[in-house]
Enquirer: 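I have a structure I would like to understand better, so I am pasting it below and will then ask my questions one at a time.
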Amino acid sequence: RAKQTGRGCHRIFEAEMEQVFQMRRLLEQDLRKALIADEFLVHYQPVMDIAHGRITGVEALLRWESPSRGRVSPADFIPFAEEVGLMAEIGDWVLRTACRDALAWPEDMTISVNLSPTQFRRGELAERVAMALAHSGLPATRLELEVTETAMIDDIDHATSILNELRALGVRVALDDFGTGYSSLSFLRNLPFNRIKIDRSFVQDLGVKPEATAIVRAVTAMCHSLNVAVTAEGVETKHQIRLLEEQGCPEVQGFLISRPCPASEVLAWLGKSAERLEGCGLTRFSA
Ligand code: C2E
Ligand code: MG
Ligand code: MG
Ligand code: MG
């Protein structure tokens with residue numbers, strides 16, 4: 001009896017595994033098609049300098065409009081695309097698209113592009129970046145690349161040399177989702193970042209958990225003394241922006257300032273500075 005039950009379980013397990021494999025095969029096929037059929041888009045989310053109410057740049061965020069699946073979140077398909085080896089190609093496409101789109105925007109605006117761990121570790125990253133810049137004609141100083149700790153944790157020496165190669169091109173590098181990894185402080189001490197991005201989870205806790213405020217203040221102060229720029233991610237309320245300003249955080253990004261939007265809407269949005277500042281509770285600049 002026990003044996004039979006065991007075998008039954010085994011069969012059910014096999015059937016479920018088969019289903020999982022089947023779903024993954026389909027997703028992989030769909031992703032390959034998406035690249036060819038032009039189903040990927042890049043949206044852009046502005047970054048604002050709080051002290052001057054100025055937009056300093058935008059972050060490129062990948063979108064997938066699948067005819068069969070609808071709009072798929074990057075958080076759902078990027079890890080899979082990484083696993084099946086498609087993220088390098090998708091990432092190159094994002095980089096080229098972002099560099100080209102950025103040419104339409106003011107020259108003092110930076111464009112930030114996220115790099116996945118495999119994109120970061122794969123050889124020839126600097127060459128690929130240099131190529132995207134050369135093809136578009138975008139000056140290297142306008143490009144910033146965002147990397148997470150996960151991409152660098154396994155081999156700090158290798159990560160350091162990649163970051164140095166990128167910086168030698170004149171490109172800036174940012175540490176994304178700061179505070180969510182395990183070795184944040186040693187990262188800051190050892191790696192040549194130009195900016196850190198304080199993760200949204202800390203911003204969410206501002207004014208709710210006293211530790212969050214203390215952490216944001218400490219991180220901001222540390223970055224100032226290390227001469228590293230700071231951006232807070234995921235700002236959704238006027239209260240949060242005020243608390244960030246009080247803690248000395250110079251730049252913010254989040255739904256309060258703007259949701260990510262298509263390239264074609266960025267210029268019009270930049271023009272509406274009074275409405276924009278009013279929406280953030282920063283009316284002092286609009287006079
Ligand atoms: P990220 O780089 O940390 O990007 C910020 C994410 O937070 C974006 O999600 C953005 O839409 C979202 N966000 C911005 N402001 C707010 C806010 O006020 N509230 C909330 N709740 N969320 C906000 P998105 O676009 O879904 O991207 C998720 C992640 O996927 C990104 O996190 C990044 O790690 C990755 N990703 C996106 N595009 C690319 C890409 O082109 N290449 C690579 N390698 N990764 C990408
Ligand atoms: Mg990012
Ligand atoms: Mg982030
Ligand atoms: Mg993130």
Side-chain angles (χ1 to χ4, degrees), residues 31 34-35 39-48 55 57-65 70-102 110-122 125 128-129 132 143-152 172-181 184 193-206 219 229-241 243-244 249 251-263 279-280:
L31 278 171
L35 261 172
E39 291 164 15
F40 291 117
L41 302 166
V42 183
H43 280 192
Y44 296 92
Q45 186 180 39
V47 178
M48 191 176 70
I55 300 304
V58 292
E59 177 176 3
L61 294 160
L62 179 60
R63 300 288 176 258
W64 180 20
E65 301 280 358
R71 183 169 293 191
V72 189
S73 159
D76 292 332
F77 72 83
I78 289 176
F80 182 80
E82 284 266 88
E83 235 183 279
V84 297
L86 282 171
M87 202 48 217
E89 204 179 330
I90 299 173
D92 279 345
W93 178 84
V94 174
L95 192 60
R96 289 195 305 267
T97 305
C99 287
R100 197 191 54 217
D101 286 346
T110 300
I111 173 91
S112 304
V113 176
N114 292 284
L115 295 180
S116 72
T118 50
Q119 255 180 298
F120 182 76
R121 283 188 297 249
R122 190 176 58 148
L125 174 63
R128 281 164 195 281
V129 171
L143 181 65
E144 186 167 272
L145 297 170
E146 299 190 5
V147 196
T148 56
E149 287 181 2
T150 354
M152 298 175 281
R172 278 174 285 171
V173 286
L175 178 56
D176 203 355
D177 302 343
F178 182 79
T180 57
S184 307
F193 291 108
N194 300 96
R195 173 187 307 277
I196 72 150
K197 299 189 77 169
I198 299 177
D199 190 67
R200 174 156 62 90
S201 53
F202 295 99
V203 174
Q204 269 170 343
D205 286 347
L206 276 180
V219 167
V230 195
T231 305
E233 299 190 281
V235 181
E236 293 180 352
T237 68
K238 292 181 185 177
H239 187 53
Q240 287 167 348
I241 213 172
L243 292 173
L244 284 165
C249 181
E251 290 184 62
V252 292
Q253 191 180 351
F255 293 168
L256 179 72
I257 293 100
S258 169
R259 292 204 169 244
C261 64
C280 303

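Whatever order the structure lists them in is the order used to number ligands and atoms, beginning at 1. Keep in mind that what you see is a predicted model, and the values were worked out from it rather than measured.
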Enquirer: Return the minimal non-hydrogen interatomic distance between Leu206 and Leu243, and the atom names on each side.
Expert: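 So the minimum-distance heavy-atom pair works out to C-CD1, 3.9 Å.
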Enquirer: Hey, which atoms in ligand 1 end up nearer than 4.0 Å to a heavy atom of Glu236?
Expert: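 By the 4.0 Å cutoff, the relevant atoms are 17 (C), 18 (O), 19 (N), 20 (C), 21 (N).
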Enquirer: Need the atom name: nearest N/O/S atom of Glu59 to the Mg ion (ligand 2).
Expert: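 Result: OE2.
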Enquirer: Got a sec, which residues hit side chain to side chain contact (heavy atoms under 4.5 Å, CB included) with Pro260, two or more places apart in sequence or on another chain?
Expert: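 Pro260 satisfies side chain to side chain contact (heavy atoms under 4.5 Å, CB included) with His43, Gln45, Leu61, Arg63, Phe255 once adjacent residues are dropped.
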Enquirer: Please state whether the separation between the Mg ion (ligand 3) and some N/O/S atom of Asp177 is under 2.8 Å?
Expert: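 Yes, since at least one N, O or S atom of Asp177 sits under 2.8 Å from the Mg ion (ligand 3).
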Enquirer: Regarding ligand 1, does Phe255 bring an N or O atom to under 3.5 Å of one of the ligand's N or O atoms?
Expert: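 Yes, Phe255 has an N/O under 3.5 Å of an N/O on ligand 1.
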Enquirer: Tell me the closest heavy-atom pair linking Phe80 and Leu31, and the distance in Å.
Expert: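 Answer, listing the atom of Phe80 first, then Leu31: CD2-CD1, 3.7 Å.
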Enquirer: For the Mg ion (ligand 2), which N, O or S atom of Glu146 is at the shortest distance?
Expert: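 Answer by atom name: OE1.
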Enquirer: Going by the order shown, which atoms of ligand 1 are within less than 4.0 Å of some heavy atom of Leu115?
Expert: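 Going through ligand 1 atom by atom, the ones under 4.0 Å from Leu115 are 44 (N).
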Enquirer: Looking only at heavy atoms of Arg259, does any of them come nearer than 4.0 Å to an atom of ligand 1?
Expert: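 No, Arg259 has no heavy atoms under 4.0 Å from ligand 1.
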Enquirer: Check whether any N, O or S atom of Ser112 sits under 2.8 Å from the Mg ion (ligand 2).
Expert: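 So Ser112 does not count as coordinating the Mg ion (ligand 2).
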Enquirer: Where does Lys197 meet ligand 1, judged by heavy-atom distances below 4.0 Å: at the side chain, the backbone, both, or neither?
Expert: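 The answer is neither.
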Enquirer: Under 4.0 Å, heavy atoms only, figure out whether ligand 1 is touched by the backbone of Ile90, its side chain, both or neither.
Expert: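 It is neither part, as no heavy atom is under 4.0 Å.
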Enquirer: Determine whether any heavy atom of Gly91 lies closer than 4.0 Å to an atom of ligand 1.
Expert: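 No; Gly91 lies far enough from ligand 1 that no heavy-atom distance drops under 4.0 Å.
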Enquirer: Closest N/O/S atom of Asp176 to the Mg ion (ligand 3), by atom name?
Expert: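 Among the N, O or S atoms of Asp176, the one closest to the Mg ion (ligand 3) is OD1.
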Enquirer: Within ligand 1, which atoms have a heavy atom of Arg200 less than 4.0 Å away?
Expert: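 Taking each heavy atom of Arg200 in turn, ligand 1 has 19 (N), 20 (C), 21 (N), 22 (N) under 4.0 Å.
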Enquirer: Run the numbers for me: atoms of ligand 1, each under 4.0 Å from some heavy atom of Asp176, listed by number.
Expert: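 In order of number, 1 (P), 2 (O), 3 (O).
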Enquirer: Assess whether ring pair (Phe, Tyr, Trp, His ring centres under 6.0 Å) is satisfied between Phe40 and Phe77, documenting all intermediate values.
Expert: CA-CA 12 Å; Phe40 291 117; Phe77 72 83; 5.8 Å; yes
Enquirer: About how many Å separate CG of Leu35 and CH2 of Trp93, when rounded to the nearest 0.5 Å?
Expert: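 Going from CH2 on Trp93 over to CG on Leu35, the span is 8.5 Å.
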Enquirer: Enumerate the residue pairs fulfilling salt bridge (charged side-chain N to carboxylate O under 4.0 Å, His left out) with a member in residues 72-92, sequence neighbours excluded, ordered by first and then second residue.
Expert: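 Checked against salt bridge (charged side-chain N to carboxylate O under 4.0 Å, His left out) - neighbours excluded - the pairs reaching residues 72-92 are Arg24-Glu83, Asp92-Arg122, Asp92-Arg128.
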Enquirer: Are the side chains of Leu95 and Gln119 in touch, meaning some heavy atoms are under 4.5 Å apart?
Expert: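 Side chain of Leu95 against side chain of Gln119, heavy atoms only: no contact under 4.5 Å found.
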Enquirer: Show the atoms of ligand 1 that are less than 4.0 angstrom away from any heavy atom in Leu62.
Expert: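 In order of number, 37 (C), 38 (N), 39 (C), 40 (C), 41 (O).
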Enquirer: For residues Trp64 and Ala34, report the shortest heavy-atom separation together with the two atoms involved.
Expert: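 Heavy atoms of Trp64 and Ala34 come nearest at NE1-CB, 3.4 Å.
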Enquirer: Give the atom numbers and elements of ligand 1 that come within less than 4.0 Å of a heavy atom of Ser116.
Expert: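 Listed by number with element, the hits are 44 (N).
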Enquirer: Below 3.5 angstrom, do we get any N/O pair linking Gln253 and ligand 1?
Expert: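 No; every N/O pair is 3.5 Å or more apart.
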Enquirer: Nearest heavy atom to atom 28 (C) of ligand 1: which of Ala60, Ala98, Pro74 does it belong to?
Expert: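 Nearest heavy atom to atom 28 (C) of ligand 1 lies in Pro74.
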Enquirer: Measure the CD-CG distance between Glu236 and Leu256 for me, rounded to the nearest 0.5 Å.
Expert: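 That separation rounds to 9.0 Å.
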Enquirer: What atoms in ligand 1 come closer than 4.0 Å to a heavy atom of Arg63?
Expert: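 Those qualifying, in numeric order: 11 (O), 24 (P), 25 (O).
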Enquirer: With respect to atom 42 (N) of ligand 1, which of Leu95, Val235, Asn114 exhibits the smallest heavy-atom separation?
Expert: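 Looking at heavy atoms only, Asn114 sits closest to atom 42 (N) of ligand 1.
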Enquirer: Arg195 and salt bridge (charged side-chain N to carboxylate O under 4.0 Å, His left out): which partner among Glu233, Glu251, Glu146?
Expert: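 Testing each of Glu233, Glu251, Glu146 against Arg195, the sole residue satisfying salt bridge (charged side-chain N to carboxylate O under 4.0 Å, His left out) is Glu251.
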Enquirer: How close do Ala174 and Glu144 get, counting heavy atoms only, and between which atoms?
Expert: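 Reported closest heavy-atom pair: CB-OE2, 3.8 Å.
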Enquirer: About how many Å separate OH of Tyr44 and OG1 of Thr97, when rounded to the nearest 0.5 Å?
Expert: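 These two atoms lie 6.5 Å from each other.
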Enquirer: When you compare the side chain of Leu125 with that of Leu115, does any pair of heavy atoms fall below 4.5 Å?
Expert: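 The answer is yes, as the side chains (C-beta and beyond) meet within the 4.5 Å cut-off.
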Enquirer: Relative to the heavy atoms of Pro260, which atoms of ligand 1 are at a distance of less than 4.0 Å?
Expert: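 Per the distance check, 11 (O).
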Enquirer: Using heavy-atom distances only, which candidate in Gln204, Glu59, Glu82, Gln45 approaches atom 15 (N) of ligand 1 most closely?
Expert: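 Selected option, by shortest heavy-atom distance: Gln45.
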